[in-house]
Amino acid sequence: MSIQVYIDGAYYPKEQAKVSVFDHGYLYGDGIFEGIRAYNGRVWKLDEHVRRLYEGAKATMLQLPVTPAEMTEAILETLRRNNLGEAYIRVVVSRGAGDLGLDPRKCPKPTVVIIADKINLYPQELYDKGLRVVTVATRRNSNEALNPRMKSLNYLNNIMAKIEANHLGYPEVLMLNNEGYVTEGTGDNIFLVRRGELLTTPATAGILEGITRNTILRLASDMGIANREALFNRHDVYTAEECFLTGTAAEAIAVVEVDGRVIGDGQPGAMTNRLIKAFRELTRVEGTPIWPAGASKTVAAGAEGGTDR
Ligand code: PXG
């Protein structure tokens, strides 16, 4: 059975899930999105993702046609319709269809799309051994040009860096800001362990303030690991004891080499491994249930194609 895609309150099979070519999301990248995951029948950090989406809507003066509570329910219903308990969820809110021309006032109604599908991760080997990454020439957008805290449909900045990654043959790369500080990967935040302390880039330095990042910071505090937000440059990364990346798609993954410099002893670090383990454990038990208590098995068993859980 084809996946069912939510568009403006109705569900369409994947093949018929279409939006207008006059949608300013398509014409100008005018809109915002979220990438969310469900684990084990629960949506991970759903409220945080919905909040970030509405913050992006506020900043871009996009009036969503649904309330946060309705959006939350629509996300859960999309998962139920597709019988997915382990999923990658993509919420896209674009400015909507309108005449040509930049002016958002040409678009009377935003388009809301929710896609729930299976997830693709990096190969297991990279989680076991850690990633080798490089820094690239493409600078992260400055806050004053297009604030990276908004998960806007304008991802060309990150895609330009991804093109460099592909060209150089690396699965992920690090982007610097215009001052030379390390900001983040193309779709992940960065953490260092330096002199025993856990460091991550401040939200104000030109990054997406990742929900996985915030969870790792909280877990570190709970585990008694000293942590703080700090600006750091390439030298700090090269000489760090440990390094890892976090994001909804990648979860948390060690970095063992940056620009040819081996990080620590070239293996995923001890603190990295402890935090990744704690994070994984939390994702199995926390989150918003997709099905009402007791209903999940019945729903899952009767549906076509089985379930991931
Ligand atoms: N930085 C950037 C630039 C991102 O795009 C993160 C950090 C990590 O944030 P979270 O909240 O996920 O911990 C992201 C996340 C996609 C996709 O479809 C992209 C992301 C997440 C999920 C899916 O490409 N980016």
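Counting convention: from 1, in listed order, for ligands and their atoms alike. Heavy-atom basis, side chains included; hydrogens, waters and symmetry copies ignored.
- At least one N/O-N/O distance between Thr248 and ligand 1 falls below 3.5 Å.
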Please walk me through it: do Arg80 and Glu77 pass salt bridge (Lys or Arg N to Asp or Glu O under 4.0 Å)? CA-CA 5 Å; Arg80 291 193 284 260; Glu77 178 57 20; 3.1 Å; yes
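- Between atom 9 (O) of ligand 1 and the options Gly185, Gly187, Gly210, the minimum heavy-atom separation is to Gly210.
- Closest to atom 20 (C) of ligand 1 by heavy atom, among Lys162, Glu209, Arg37, Lys151, is Lys151.
- Summary of contacts: the protein heavy atom closest to atom 23 (C) of ligand 1 is Tyr88 OH, 2.9 Å.
- Thr183 and Asn177 form no side-chain donor-acceptor contact under 3.5 Å, judged by distance and modelled atom types alone.
- Remark: ligand 1 atoms within the under-4.0 Å shell around heavy atoms of Arg90 are 18 (O).
- With values rounded to the nearest 0.5 angstrom, Asp117 atom CG is found 6.0 Å from Lys14 atom NZ.
- Looking only at heavy atoms of the protein, atom 7 (C) of ligand 1 is closest to Glu184 OE1, 3.4 Å.
- Screening Asn178, Asn157, Thr186 for a side-chain hydrogen bond (donor to acceptor under 3.5 Å, both in side chains) with Arg140, the sole residue that qualifies is Asn157.
- Protein heavy atom closest to atom 13 (O) of ligand 1, with residue, atom name and distance, is Thr212 OG1, 2.6 Å.
- The distance from ligand 1 to the heavy atoms of Arg140 drops below 4.0 Å at these ligand atoms: 3 (C).
- For Arg52, the heavy-atom gap to ligand 1 drops under 4.0 angstrom.
- With rounding to the nearest 0.5 angstrom, the CD atom of Glu229 is 8.5 Å from the OG1 atom of Thr201.
- Ligand 1 places these atoms under 4.0 Å from at least one heavy atom of Thr186: 3 (C).
- Looking from atom 5 (O) of ligand 1 to the surrounding protein, the closest heavy atom is Tyr155 OH, 2.5 Å.
- Residue pairs that meet the ring pair (Phe, Tyr, Trp, His ring centres under 6.0 Å) test with at least one member in residues 139-166, sequence neighbours left out, are Phe33-Tyr155.
- Scanning all protein heavy atoms for the shortest distance to atom 3 (C) of ligand 1 gives Asn158 ND2, 3.4 Å.
- Of the N or O atoms in Ile211, one or more lie within a sub-3.5 Å distance of an N or O in ligand 1.
- Annotation: cation-pi pair Arg37/Phe279 absent, no NZ/CZ under 6.0 Å from the ring centroid and within 45° of its normal.
- At a threshold of 4.5 Å between non-hydrogen side-chain atoms, the residues Arg234 and Leu176 count as touching.
- Cation-pi geometry between Arg81 and Tyr11 is satisfied (NZ or CZ under 6.0 Å from the ring centre, within 45° of the ring normal).
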